[in-house]
Each structure stands twice: as C-alpha cells, then as structure tokens.
Amino acid sequence: FLPKFAHFFVWWQFNRSIKFSQLLVGPTAKMNLFQSVTSALDNTLASDPTAVIFGEDVAFGGVFRCTVGLRDKYGKDRVFNTPLCEQGIVGFGIGAAVAGATAIAEIQFADYIYPAFDQIVNEAAKYRYRSGNLFDCGNLTIRAPWGCVGHGSLYHSQSPEAFFAHCPGIKVVIPRGPVQCKGLLLSCIADQNPCIFFEPKILYRAAVEQVPTEAYTIPLSQAEVIQEGSDVTLVAWGTQIHVLREVANMAQEKLGVSCELIDLQTILPWDTETVCKSVAKTGRLLISHEAPITGGFAAEISSTVQEECFLNLEAPIARVCGYDTPFPHIFEPFYIPDKWKCFDAVKKLISY
C-alpha cells in the first residue's frame, strides 16, 4: 500500500506544484513531511531564544527523526528528553508557557496522549479563562504522530482529534503534506492559544514537496478548496485528503461527476463558512476520516451543514469513516475508509 500511495502523492503534488509555487517566496528545498517539521522547529529555535522542545527521545531525533540534529545545534538546555510520562510532559509545557517560554512538547504517538488528557482539557484549555486573562499558556504547542501507518495496530494507529474538538480553549490542526505541515505548525507555535498539532505518520516519508526553507505561516481555522467542483463536496483532513483526491478523479472519469475537494486543516475551530458555501453549491456532502464513525468529527460537520444548508441538500449527508472497533492489525485494509468505500458513497449520493 505505502509504495503505491507514495507514487500517487508525488504525482499529485507535482501536478499541483506549478499553481502553488506562485505563492512561494524565497529559496525552497525538497523535503518530506518529517523534514518539514524539522525545518519549522529549526526556524523557531533560531528566531525565538525562549523556544524549547521536549519529549520522549527528542534529544537524539525522535522515533520519526523530526528533531534530528536540533540538540547538537541549539544545545541540551533547549532540546531535551523527558521521562516516559505524558501527563508530566504536558504539565511541564503548561508551566513553561505560563512562565514565558515558547513550549513545544512532543507526544511520541497520538495514541499515548490520553494520560495527558486532564492536563490538556482541564488545565491548558482553561488556564486563561479561569484567571480572567491574567495568565495563559498560549505559547504551548503539542505535537504528536497521528493516524494509521499500515502496521500500527491498536496503539500506534489512532486518530483522537474528536476527543479534543469538544474542548473550548485549544486549537486542533492536522496537515496533509510538507508545505502545509510547516506553515500550519509555525502558525500553531505563533498562535496565542494552546494548540495540538497531529502529524499523519504515514506521510512522514511518503509525502515530498518543495518547501520554503525560511519561516512562513498558513492561517489556522481556514479550510482550503483543493479542487473546485459542482456535483459533490468532499471534506477530509490529513491522509484522507489524498484518498478523496483519487476518489474525485475516479468520479470524474467513471461517472462524469464533478467533485469539490476541501481540506479542513483546522479541526477546532473549523471553517464552517467554506464548507457550507460549497455544499450550498453542490447540494451533496461526503465526509471521511479514519477515526470511528460514532462521535467522530464528521458528525459535527454533518450536523452543522444540515442546520445551515438543509434546503440546499439533494441527498442525505454521507460519512465514510472507521468502524466502531479498536484499530485492527491484519484487518487494517478492511477497516480504513479506502477509495472504494468512498467511491461507492459518491455513487449513492448521485443516484439518490
């Protein structure tokens, strides 16, 4: 699966790079997704003397090599390991941010963010509110590898964004590729609210683009219309964007159906205006994510669109998501919302 996916990603990015290159300023370098993370962190450490990076194994580069070379370049006081204690990592980050540091915490896998749930939801998200804006930990950014990877099974494949989307006071962001990853991560680091930045780990090496070497930002809470269309709106984030891009091509070639593809990018607060504007035009909506369907963020999008665009809808809103089971190992190909499941949903939307 991964080699085929990598070839498709490179092909797609090459075909859209001409349009995007017009927006790039300054020198660029060929980077995969984990290198774009490293570049963003490097830019931050170079420009902000208060910035610190910490987490399990980050000193030698981390499991996915996202912090490789940074300790040697900036010193062990600014890039350092922590004990294997996610609650402690986030708690330390909150304190560092309150004290004025730009705190960048790494949770080694998104699956292991749950021990830190109390610190994120009850402390970081509420710090400014409970102090009447006297204090805040807005300089805290929490990074974590996210999503399926082909062999991760129960504890290395989860997509927990919906848990945090229910929590006012934080922002949740998920990029789809290297260019978006660096720009959105730098926006999270600069934002004056605590941010959770989930990185699709299957794309760490598969996704390759020309990425600016200097710092730049991409606005948070702003979805991107990747492909305009007139018949069906497709909404996703992270890895699933590339699945739906292929579905859009299949729909055009096999059904003559024009799909509008939207990358949500920010889960909380999400861009309702862009999505609703698209659905008002197409009259049909398909939302897809890897997380289980019940209580997944697709349900929130579906509810909002139903309220705002009810008279525009030509068919019931479709959700193509993971099943309500723990993430499987050998059955992962049957669990994930692949292009065939999504394509079937498009056919049902059109024929309704």
Side-chain angles (χ1 to χ4, degrees), residues 2-3 5-49 51 53 58 61-62 64-74 78-79 102 104 106 141 143 145-147 173-191 195 197-228 236-242 245-246 261-266:
L2 187 55
F5 180 85
H7 293 157
F8 168 73
F9 184 90
V10 172
W11 170 84
W12 175 42
Q13 295 297 349
F14 174 78
N15 278 273
R16 63 185 293 273
S17 62
I18 298 175
K19 178 181 177 182
F20 196 88
S21 65
Q22 298 171 0
L23 305 176
L24 302 182
V25 178
T28 65
K30 186 178 181 180
M31 301 183 196
N32 59 28
L33 195 137
F34 90 76
Q35 290 169 332
S36 74
V37 172
T38 308
S39 180
L41 298 177
D42 189 8
N43 291 155
T44 300
L45 290 167
S47 63
D48 182 354
I53 298 171
V58 300
F64 293 102
R65 318 307 292 156
C66 291
T67 54
V68 67
L70 296 180
R71 181 184 64 171
D72 294 339
K73 187 174 183 179
Y74 295 101
R78 300 187 66 193
V79 182
T102 296
I104 305 169
E106 179 182 301
T141 300
R143 296 178 40 250
W146 163 99
V173 180
I174 306 173
R176 72 174 184 271
V179 169
Q180 290 74 29
C181 185
K182 180 174 179 177
L184 290 169
L185 178 54
L186 287 171
S187 291
C188 286
I189 294 170
D191 197 87
C195 294
F197 191 78
F198 288 127
E199 299 160 8
K201 56 180 163 302
I202 198 171
L203 300 181
Y204 271 140
R205 288 171 173 80
V208 179
E209 291 180 304
Q210 288 295 130
V211 180
T213 56
E214 299 300 321
Y216 64 95
T217 58
I218 295 175
L220 302 182
S221 297
Q222 184 173 311
E224 181 183 349
V225 179
I226 298 173
Q227 174 180 306
E228 295 187 356
W237 47 91
T239 312
Q240 202 63 17
I241 279 292
H242 308 296
R245 181 67 176 87
E246 194 167 1
L261 178 60
I262 298 177
D263 181 1
L264 205 59
Q265 299 191 124
T266 302

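Atom CD1 of residue Ile262 and atom CD1 of residue Ile226 lie 9.0 Å apart, to the nearest 0.5 angstrom. Summarising the geometry, atom CD belonging to Glu106 is positioned 13.0 Å from atom OG1 belonging to Thr141; distances are rounded to the nearest 0.5 Å. Between atom CZ of residue Phe197 and atom CG of residue Leu185 there is a gap of 4.5 Å, rounded to the nearest 0.5 Å. With rounding to the nearest 0.5 Å, the separation of CG in Asp263 from CD in Gln240 is 11.5 Å. Annotation: the span from Asp191 atom CG to Leu184 atom CG amounts to 11.5 Å, rounded to 0.5 Å. From Leu33, atom CG reaches atom CD of Glu199 across 7.0 Å, with rounding to the nearest 0.5 Å.
No side-chain heavy atom of Ser36 sits less than 4.5 Å from a side-chain heavy atom of Val179. Side-chain contact between Thr213 and Met31: present, with at least one pair of heavy atoms (C-beta onward) separated by less than 4.5 Å. Under the 4.5 Å side-chain criterion, counting only non-hydrogen atoms from C-beta, Gln35 is not in contact with Pro178. Inter-residue side-chain proximity for Gln265 and Gln180 is flagged as met; some heavy-atom pair is nearer than 4.5 Å. Residues Arg78 and Leu45 meet the side-chain proximity criterion, which asks for heavy atoms closer than 4.5 Å.
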- prompt: Hey, mind stepping through His242 and Leu203 against side chain to side chain contact (heavy atoms under 4.5 Å, CB included) and telling me if it holds?
  reply: CA-CA 10 Å; His242 308 296; Leu203 300 181; 3.8 Å; yes
- request: Test side chain to side chain contact (heavy atoms under 4.5 Å, CB included) on Trp146 and Thr239 and set out the steps.
  value: CA-CA 10 Å; Trp146 163 99; Thr239 312; 4.1 Å; yes
task: Determine, stepwise, if the pair Ser39 / Val211 fulfils side chain to side chain contact (heavy atoms under 4.5 Å, CB included).
output: CA-CA 9 Å; Ser39 180; Val211 180; 5.7 Å; no
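The two atoms that bring Thr38 and Arg65 nearest to each other are OG1-O, 3.7 Å, heavy atoms only. Shortest non-hydrogen contact noted between Val37 and Cys181 is CG2-SG, 3.4 Å. Nearest heavy-atom pair across Pro200 and Gly238 is CG-CA, 4.0 Å. Here the shortest heavy-atom pairing between Cys66 and Arg143 reads CB-NH2, 3.4 Å.
Among Thr217, Thr44, Asp48, the one residue that satisfies the side-chain contact (heavy atoms from CB on, under 4.5 Å) test with Ile189 is Thr44.
In this structure, a donor-acceptor pair under 3.5 Å is absent between the side chains of Asn43 and Tyr216.
Not one N or O on the side chain of Gln222 forms a donor-acceptor pair closer than 3.5 Å with the backbone of Pro219. Of the possible polar contacts, none joining the Arg205 side chain to the Asn32 backbone as a donor-acceptor pair under 3.5 Å is found. In this structure a side-chain-to-backbone donor-acceptor pair under 3.5 Å is missing from Thr28 to Pro212. Listed for the Tyr74 side chain is no donor-acceptor partner under 3.5 Å among the backbone atoms of Gly69. Listed for the Lys182 side chain is a donor-acceptor partner under 3.5 Å among the backbone atoms of Glu214.
Partners of Pro145 by side chain to side chain contact (heavy atoms under 4.5 Å, CB included), not counting sequence neighbours, listed by chain and number: Phe64, Lys201, Tyr204. Thr266 pairs by the side chain to side chain contact (heavy atoms under 4.5 Å, CB included) definition with Val173, Leu220, Ser221, Pro269, not counting sequence neighbours.
Electrostatic pairing of Arg176 and Glu224 counts as a salt bridge here, judged by a charged N lying under 4.0 Å from a carboxylate O.
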